[in-house]
Structure formats: C-alpha cells, structure tokens
Novice: 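First, the structure itself, so that you have it in front of you.
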Amino acid sequence: MVEILRPHAVRPGDVVAVAALSAPLMPADEPLLDRGVAVLESAGFRVRVAALVVDGSRRWWSAGSPERIAGEFNGLLRDPQVRAVVAHTGGNTTASYLDLVDLDAIRADPKPILGYSDVSLLTLSLYARLGLVGFHADFATHGMGLDWFGLADAARRAQLADVYRRVLAGDAPVVLPPSRPDAWATWRPGVAEGRLVGGLLNRIVRLQATPYALRQHFDGALLFWEEVRRPLEWVWNDLHLLRVAGVLDRIAGMVVGVPLEVSTEYPDPPSLRDVVLDVVGGRDLPILAGVDFGHTSANLPLPLGVRASLDASARTLTLLESAVR
C-alpha cells in the first residue's frame, strides 16, 4: 500500500497562491486571470498572484527557466502563509524541474497543489515520491477564468464552487456532480472502489520513463485520464503501453474524461470508445466516460490517492474519504 501524505485543509480566509508552474501568462489572457482570481476570492480565499505570473515572465514556451520556476514554487511551498498553490495554466514545462522541487518543504508543510494537463506530471511525480495528495483540478486562468464563465451557468458555477470548498475543507463523502444528468456514459458496466490515480494520458505514460514512475500506485486503483490534441492512434498506443506494462491488469476501474481534438485522418475511424474497449479487451473493468474533467469543460476536483467509489452502471463517482487533514 502507498502511504498517503494528505495536505492541510484549506478554508475561507486562507491565502491561495496562483503560480506559473508551466506556461507564461499571455497578455490576451489577463482578463481570464482576473476572472479566475475573482472565482477564488468569491469562495472566501485570499489570493496572491506569484511574481512570474504578474511580471509576464517568459522563456520560450515557459514562464521561466526550470531553475526560476522551481525557485518560485519552492518559495511558495516554504511560505507558511500560503495554504494552497493553484497553477494559472498548463503547457510543456514541468518535466524540466521535477528534480528541483523541495521535497522536505512538502513533508514539513504539505499543501494542496491544483492543476491538470502538464501539471499532471508534477502532481503525479509528487504522489509517486511522497504519496502527496495532489488535485487534478481547474487552472486559475484557463479553467476558472475561462470554463467557469464561458461554459457553466450560474447554478453550475455555484455547484462547482461548493464541491471545491468541500473537498479542500476535508468533507467526505462527496458525490461528484455531472454537468448534466446524461453527461456521463457507461462504456462497461460494473462497480469498483479504489484510490484515484491519473491525469493527462500522455503525461502518465511519460512519467513511467523517469525515476518517479508510478508502480504500486496502480494496484486496485481507479485510473482516470483525459487527452488533448493528439491523434486517436497515439491514444491507442499509449493505452497499449499501459497494458504492456501490466497497468490494466492491476487497476480496479477506469474513468475517462472529455477529450479535446482527439481524432484520426485514417479512413473508417473508430470512436474513442472503440479504441478503449479494444485495448481493455476481456478485462472485467468498469468504465465510466464523459466525466467532467479535461480540456473542454470545467473540471471536477479529483484528488490523487483518495479512495473513491465508481459505479459505471449507475454513472456515479463518489469520493469516500477526506483529501486533506
């Protein structure tokens, strides 16, 4: 069993830092950042926007050099006033500083780290190394500032805010609410319980090539994943790599998010469902799909390492235990 390191609970009045953990803030996205900060403030948090975001720092496709991003991130981890870190957006950077993160600071004062996409590589590596419960959750800019305003009505925004508050405060159980009653789909029926592990599919696979690979973390787990702007045949290959590595024989169930621009130019293409079921084969795995996480919808918070109940037949996903302490 993986020993879980739960971060401290976050409650209204606490300081939440918005940080550049991957890509820079582009000038055109400044209004989205302002909206994201407003969402966090409306939930009762005090928001501190980190310097690399405020300054619009940029190095190629990143907010700074690996050393500079890690330096600011480590400073937030060591700052006793900061109680959580929310990535402002994703990108293609986190692999460059995985070995520069101050693990002792996390052990001394574990804090929720929120983000998805490229940030999956960061949270998954910390889960592999420390058992830290990280959160596959919305960004401040391309998330709360975009999806919560552009894709969700007022009732859904209030529902999402309530779920985030409850999860970060340590409530349990928490039933994760779909955006619509018919939004989630049963790709293979069944019921399973296990610890949540997952993120962006290609980042899950890439992590396996590092010293921070997930190993026993897959045993009895509920594997959740999403994908963005990759050919369907690449998704098929990545799933087969997990199969060859024995992952599909070890997990208890699978949760598939909402893909974005995942297609193929080959004639008579299969659907994503066809691809998943083809790779899974005859394994008795409950599979629930279309769940509200990924690059196309406001993300429900999915805490790594937290036990959850999956009922693919009834199309429900429930967090069974507290994600924080």
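The structure displayed is predicted, hence computed values, not measured ones.
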Novice: For residues 78-106, which residue pairs pass the ring-ring contact (aromatic ring centres under 6.0 Å, His included) check, not counting sequence neighbours?
Specialist: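 Passing the test, one end in residues 78-106: no pairs.
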Novice: Side chains of S22 and D118 only: does a donor on one sit below 3.5 Å from an acceptor on the other?
Specialist: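 There is such a pair (donor and acceptor under 3.5 Å, judged by atom type) between the side chains of S22 and D118.
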Novice: Scan the side chains in residues 124-134 for donor-acceptor partners under 3.5 Å anywhere in the protein, sequence neighbours excluded, and list what turns up.
Specialist:
from	atom 1	to	atom 2	distance (Å)
S125	OG	L121	O	3.2
S125	OG	L122	O	2.8
R129	NH1	L98	O	2.8

Novice: Show your reasoning for whether side-chain contact (heavy atoms from CB on, under 4.5 Å) applies to L100 and I69.
Specialist: CA-CA 9 Å; L100 302 178; I69 293 176; over 6 Å; no
Novice: Do the side chains of V18 and T141 get nearer than 4.5 Å, heavy atoms only?
Specialist: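 T141 does not reach V18 side chain to side chain.
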Novice: Indicate whether the side chain of R203 and that of T94 have a donor and an acceptor atom separated by less than 3.5 Å.
Specialist: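 Not at all, the side chains of R203 and T94 share no donor-acceptor pair under 3.5 Å.
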Novice: P24 and W61: which non-hydrogen atoms are nearest, and at how many Å?
Specialist: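 Residues P24 and W61, closest heavy atoms: CD-O, 3.5 Å.
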Novice: Can you tell me how the ring of H136 sits relative to the ring of F293, calling it parallel under 30°, perpendicular over 60° and tilted otherwise?
Specialist: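 The rings of H136 and F293 stand perpendicular, inter-plane angle above 60°.
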Novice: Tell me if the CG atom of D284 is crowded by more than 12 foreign heavy atoms within 6.0 Å.
Specialist: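 It does not: D284 CG has 12 such atoms or fewer within range.
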Novice: If you count every heavy atom of other residues, nucleotides or ligands that lies below 6.0 Å from R58 atom CZ, does the total exceed 12?
Specialist: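 No, because the 6.0 Å sphere around CZ of R58 holds 12 heavy atoms or fewer from other groups.
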Novice: Please check this pair: side chain of T186 against backbone of P189, looking for a donor-acceptor N/O pair closer than 3.5 Å.
Specialist: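 No.
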Novice: Should the pair R107-D104 be classified as a salt bridge under the 4.0 Å nitrogen-to-oxygen rule?
Specialist: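 Between D104 and R107 there is a salt bridge, with a charged N closer than 4.0 Å to a carboxylate O.
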Novice: Any non-hydrogen side-chain atom of V191 less than 4.5 Å from a side-chain atom of P286?
Specialist: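 No; the side chains remain at least 4.5 Å from each other.
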